[in-house]
Amino acid sequence: MLKEYRTIKELVGPLMMAEGVEGVTYDELVEIREADGNIRRGKVLEVSGDTALVQLFESSNGLQMDTSTVRFLGRSIELSVSEDMLGRVFDGMGNPKDGGPAIIPDKRMDINGTPLNPAARDYPSEFIQTGISVIDGLNTLVRGQKLPVFSGSGLPHAQLATQIARQAKVLGQDTRFAVVFAAIGITFEEADYFISDFKRTGAIERAVLFMNLANDPAIERISTPRMALTAAEYLAYEKDMHVLVILTDITNYAEALREVSAARKEVPGRRGYPGYLYTDLASMYERAGRIDGKEGSITQIPILTMPEDDKTHPIPDLTGYITEGQIILNRDLYRRGITPPIDALPSLSRLKDKGIGEGKTRKDHASTMNQLFAAYSRGKDAKELAVILGEGSLTDMDKKYAAFSDAFEEQYVSQGYQTDRSIEETLNLGWDLLSMLPRSELRRIRDDMLDEFLQKHEEEDN
């Protein structure tokens, strides 16, 4: 029988102090029963001797300290998991939000997960096709990888997120693929867009959606990504599925963390964020990966909006240290109508070399990728030079590279949000663009590859 306490001593906003408690642990779930039978819930943030600090999941308005009782449930927040979660929409605490019945669980799992033994991790090595050329061709996503998207306020990261969720697949495998999508601190309009898009395209049949709205409590915002990752771990490691987890927006998550930290009167770190922000983000990001001996895997795409488009802001800065690269959205490309506005040059996938090549994508992938990067970079330099010194300052070769740069953005990068390109189409498009340059300029590709692929594309063009 759980012990009840009538020792609430202080209420400040969403925080409650209870004294004279015994055997209480950090992160333990709490129930506060009011005199009229209404129950509010919270979790333990801090324990000092016989005093527990509790964060309520809702407001403390109207809560009477002298007539309310507190029960500590002896467990942390858990999620009821089942394969029936696929095709369903939940709120940030794992309750059904789509009007459907409650999930009959196979089991209940602690949302904080259990740390993976690094020695048990299997190295990411299999290509995931997103259908987006600038990702598949140049910044390849690999199964088990953590590849964040760095966006900015007003940029179309929502459209990119739904496109990836809709199109992503592991090639050449029969293993089932699932998407776990967590929206954190979003508006009602954004939530409606995500749910409608998943339903319209049929992608919801293989997806689990967690929706946390901007007016939901901050503590729920902190739980939402962990709910999603717990569902992903169940599907991946117990149901042998390849799971892609998309978390948007991590910035809203970090703001909620800062809000709770300030309420606890903790000493702030950079820009007011708690000093443990790095550790906290790592505890989420590191739940991605593959486990040796397990068929399933978790691939993670966290999306964050950089305040003032600042890459040195603590959230993108720390995220970059923990994850294996980044996809960066560019405001200038967006203004010019390039969709999706992914900036190829500063974007990076540190594991791309592990997921491409013969038997995975195609033997010419690495060579064409390097050549496209080099040609696009030189073309951008040529265009900047023309802005400063005028078109007349460019050599004939500079003009060819400048034209290549424009064609690359308009044809390769800009494909819209409904086009799903296979890796074959992406690689062939790369060769089409490279054929704009003289063969002598393609120094990053071996002669035998030029003979096999470039000549073929020139013949097709003619």
Side-chain angles (χ1 to χ4, degrees), residues 13-15 29 38-43 55-62 77-80 85-103 111 149 151-162 164-166 179-200 203-204 207-232 245-263 273 280-281 284 300-307 315:
L15 298 182
L29 210 54
N38 184 45
I39 292 178
R40 305 194 197 197
R41 291 178 173 80
K43 73 171 185 176
Q55 166 89 43
L56 300 179
F57 293 152
E58 53 256 277
S59 169
S60 60
N61 291 343
I77 304 172
E78 294 177 333
L79 176 67
S80 299
M85 298 178 79
L86 290 167
R88 299 292 304 276
V89 182
F90 302 89
D91 65 14
M93 294 301 291
N95 303 308
K97 194 183 174 76
D98 53 7
I103 294 294
I111 67 165
V149 174
S151 182
S153 178
L155 293 181
H157 48 270
Q159 290 93 320
L160 180 64
T162 52
I164 293 173
R166 187 170 64 244
V179 174
V180 176
F181 188 94
I184 307 160
I186 61 171
T187 64
F188 177 82
E189 288 76 13
E190 288 175 306
D192 185 58
Y193 167 78
F194 286 130
I195 295 170
S196 298
D197 190 86
F198 272 83
K199 288 182 176 177
R200 176 182 61 82
I204 197 165
V208 184
L209 276 61
F210 291 87
M211 294 287 160
N212 166 255
L213 301 181
N215 61 347
D216 289 330
I219 196 72
E220 182 177 315
R221 202 154 301 143
I222 294 172
S223 300
T224 302
R226 290 178 168 80
M227 289 279 176
L229 289 163
T230 303
V245 179
I246 300 176
L247 307 172
T248 180
D249 179 344
I250 294 296
T251 300
N252 293 336
Y253 169 84
E255 295 290 348
L257 206 63
R258 180 165 66 175
E259 184 180 328
V260 172
S261 175
Y273 292 96
D280 193 276
L281 290 173
M284 291 196 309
Q300 203 178 113
I301 299 182
I303 298 174
L304 56 93
T305 50
M306 301 177 289
I315 303 169

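Closest of all the heavy-atom pairs between F90 and V208 is CE1-CG1, 3.8 Å. Counting all heavy atoms, side chain and backbone alike, A102 lies closest to P96 at CA-CG, 3.8 Å.
Shown here are the side-chain hydrogen bond (donor to acceptor under 3.5 Å, both in side chains) partners of S223, two or more places apart in sequence or in another chain: there are none. Taking A165 as the reference, V179, F198, I246 meet the side-chain contact (heavy atoms from CB on, under 4.5 Å) condition, with sequence neighbours excluded. Looking at residues two or more places apart in sequence or on another chain, you find no side-chain contact (heavy atoms from CB on, under 4.5 Å) involving S153. By the side-chain hydrogen bond (donor to acceptor under 3.5 Å, both in side chains) test, S151 is found to be paired with H157, residues two or more places apart in sequence or in another chain being considered. Partners of D192 under the side-chain contact (heavy atoms from CB on, under 4.5 Å) rule, at least two apart in sequence or in another chain, are S196. Listed by chain and number, the residues in a side-chain contact (heavy atoms from CB on, under 4.5 Å) with A183 are F181, I186, F194, M211 (sequence neighbours excluded). By the side-chain hydrogen bond (donor to acceptor under 3.5 Å, both in side chains) test, N215 pairs with no residue at all, sequence neighbours left out. Every residue two or more places apart in sequence or in another chain that forms a salt bridge (charged side-chain N to carboxylate O under 4.0 Å, His left out) with D197 is listed here: R166, R200.
Within the structure, the salt bridge (charged side-chain N to carboxylate O under 4.0 Å, His left out) test picks out the following pairs touching residues 90-101 (sequence neighbours left out): R88-D98. Residue pairs that meet the salt bridge (charged side-chain N to carboxylate O under 4.0 Å, His left out) test with at least one member in residues 220-229, sequence neighbours left out, are R226-D280. Residue pairs that meet the salt bridge (charged side-chain N to carboxylate O under 4.0 Å, His left out) test with at least one member in residues 248-260, sequence neighbours left out, are E255-R258.
Of the possible polar contacts, none joining the S80 side chain to the I103 backbone as a donor-acceptor pair under 3.5 Å is found.
Within the 4.5 Å cutoff, the side chain of Y253 has no heavy atoms near those of the T224 side chain.
Between L304 and the options L281, L247, I250, N252, a side-chain contact (heavy atoms from CB on, under 4.5 Å) holds for only I250.
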